[in-house]
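All remarks here apply to the structure that follows.
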Amino acid sequence: MTNPAVADLIARSNRLGADPKNTNYAGGNTSAKGTETDPVTGEPVELLWVKGSGGDLGTLQEKGLAVLRLDRMRALVDVYPGLDREDEMVAAFDYCLHGKGGAAPSIDTAMHGLVDAAHVDHLHPDSGIAIATAADGEQLTATIFGDKVVWVPWRRPGFQLGLDISEIKAQNPQAIGCILGGHGITAWGDTSEESEANSLWIIETAAAYIVEHGKADPFGAVRSGFEALPETERRAKAAALAATIRGIASHDKPMAGHFTDAPEVLEFLASERAPELAELGTSCPDHFLRTKVKPMLLDLPADASIEDSIARLNELHEAYRADYTAYYEAHADENSPAIRGADPLIVLVPGVGMFSYGANKQTARVAGEFYINAINVMRGAESLSTYTPISDAEKFRIEYWALEEAKLQRMPKPKSHQGRIALVTGAASGIGKAIATRLAAEGACVVVADLDLEKAQAAAAELGGPDVAIGVAANVADADAVQASIDEAVLAFGGLDLVVNNAGLSLSKPLLETTEKDWDLQHDVMAKGSFLVSKAAAKVLIDQKLGGDIVYISSKNSVFAGPNNIAYSATKADQAHQVRLLAVELGEHGVRVNGINPDGVVRGSGIFASGWGANRAKTYGVPEEDLGKFYAQRTILKREVVPDNVADAVYVLTGPELSRTTGLHIPVDSGVAAAFIR
């Protein structure tokens, strides 16, 4: 049975975390203190429940709480070795856990345990951080809140900060919370309702004061020529730049991406003060841990050509890497973790928008959300005062904190395809859907491309939603439609790494019954369609400079001369030779091109369900429902082939195990000797 204090804590946390004005994703933490019976002694024991490391308030569940004995946690004050060794206290929290302890305690646990209040909220609201990063934040705190909220100078999160806030509360009994310089807010209350109300009062009071007393143009005047382009034009330019920018962000480590042209971003980029403010970087630790200490800003007007923009982006990238390396070397010592890469995670393009990057789509999207938080913070601080983030030295102490490094090392090993972006044609059903499902399960971002948009979107939703997959319309026989689907892919996920040419159809007819229309239709979809998709995708792969994979789902019939399918087999042979031709041409760019030759995939196949199965069954003189068994019996292994078997082959071909393989055709046919590749 859930303790009432815990139930109140979860409900409060979910309410606070659901509203982005209160805190950012996975930012901040909440706690409650209460009593339970110790199962060992049978006596009451005071406990602290606090959001564990890495959790998100908006989706917090009981399993995401760390549970500590309050008497043992507070007894740590007596053995605290001082500021120089405060990191040791995080490991000490493990000796305070109650029972199995729940989630791993966060660095902010001391703040919650040491503050003498039953309920405590630590949040990162834009309005609160605006006050926290203002040059005269201490004076503003007194002016805005009177003695109800106390200013706390910047201190890195940890045990000493918990001691500081505990002392401040003891000395200011009238206070309901504090502003943490450069960081955020903390509030408390005797009940869960009181703590939540106090948190919201601080947030809303700060926001109202900024609106009432702030300058109308905190970012300065609009820079002529840097205004937002019309929507169609800016999204077209974003798509044209996406591959190059992803290559920049992935120089040291492959990254997934996210694009936004939110009004806040476009307004900021059009302002005259954007360059100097962007250079100052972010301040709240949650912000710069996700966005790096500062973004990379293209310094060209909105109407700059694609060619000029790409050339300048590459120049700025070199400067950014040198600057970040200098930042690392200026602050690192012999105990610092190795540099984690010198590429930007936020790239800003005036008139177009913001590209953000991370190890996966969710991380990339959240990084962009955090930079929008930072823009809001800069706006608020500049409205009232001067935006003054914490120093680079302090940013480095957190970014390369041993505790942060340990947290990163605890993360699960990435899956084989994490961060890779795949586009699969004909993926709303059958073999294509099985391939999309397998790639998503292995960590890839997947673009489900299909002639039927509604079915493509439904299939994408099954895979996990927009952070995992999107559905796009794709008539592969139409060059403009193909390009539009590629553009959607790069705007959704940042780029493209893996393309599977799977879209297909078949009409089973002998030569004399095959019409010119039959011939053209099958060649348009498979031979021409694969060519158009590969051509559009290759441009992205080459611009990214990250290599990649193109896979053709061809057929046993590309090799085997079977009866009554002249048009289908001929176009499959065309696809098979495209594999060889493109493997030779694209190899210098690190792009591998391989093919798969399935046969007899009856179950779940859209082709067989659309009439092909009935025709093939008639050709071979077997009932249609037995066609899969018939195909299996004519193979060497006597085993039926299903869509998942083809998906397995795509996984192996595009994974790390066959990184030196290109120009290969893999049979997935249970062994058809007549189709052996000689």
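- Counting heavy atoms from C-beta on, the side chains of K237 and I306 come closer than 4.5 Å.
- Side-chain atoms of L289 and F370, non-hydrogen and from C-beta on, never get closer than 4.5 Å to each other.
- With hydrogens and angles left out, the side-chain atoms of Q575 and S530 include a donor and acceptor closer than 3.5 Å.
- L637 contributes atom CG, which lies 5.0 Å from atom OG of S670 (distance to the nearest 0.5 angstrom).
- Ion pairing between D450 and K433 fails under the 4.0 Å rule for side-chain N and carboxylate O.
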### Task
Mind running side chain to side chain contact (heavy atoms under 4.5 Å, CB included) on V672 and N597 for me, showing each step along the way?
CA-CA 11 Å; V672 178; N597 290 345; over 6 Å; no
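- When atom types are taken as modelled, the side chain of K638 and the backbone of T635 share a donor-acceptor pair closer than 3.5 angstrom.
- For K415 and Q418, the side-chain atoms include no donor-acceptor pair closer than 3.5 Å.
- The shortest side-chain heavy-atom distance between Y25 and R365 does not fall under the 4.5 Å cut-off.
- Of the candidates I245, L316, L348, L269, L298 forms a side chain to side chain contact (heavy atoms under 4.5 Å, CB included) with just one, namely L316.
- D487 and Q483 form a side-chain donor-acceptor contact under 3.5 Å, judged by distance and modelled atom types alone.
- In terms of modelled atom types and a separation under 3.5 Å, the side chain of N502 and the main chain of I553 share no donor-acceptor contact.
- Taking the six-membered ring where tryptophan is involved, the planes of H251 and H317 are perpendicular, since the angle between them exceeds 60° and thus also 30°.
- For E315, the CD atom sits in a packed shell: over 12 heavy atoms of surrounding residues, nucleotides or ligands are nearer than 6.0 Å.
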### Query
Can you check side chain to side chain contact (heavy atoms under 4.5 Å, CB included) on Y371 and T260, steps first, answer last?
CA-CA 11 Å; Y371 198 75; T260 181; over 6 Å; no
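- Between K528 and H523, the side chains place no donor N or O within less than 3.5 Å of an acceptor N or O (distance only, hydrogens not considered).
- Between R438 and E442 there is a salt bridge, since at least one side-chain N of the basic residue sits less than 4.0 Å from a carboxylate O of the acidic one.
- Partner of R592 under the side chain to side chain contact (heavy atoms under 4.5 Å, CB included) criterion, chosen from L658, L664, V551: L658.
- T661 and N594 share no side-chain donor-acceptor pair at under 3.5 Å.
- There is a side-chain donor-acceptor pair under 3.5 Å between T363 and N360.
- Checking D518 against Q522 by side-chain atom types alone, no donor-acceptor pair falls below 3.5 Å.
- Using a 4.5 Å heavy-atom cutoff, the side chains of L653 and D549 are not in contact.
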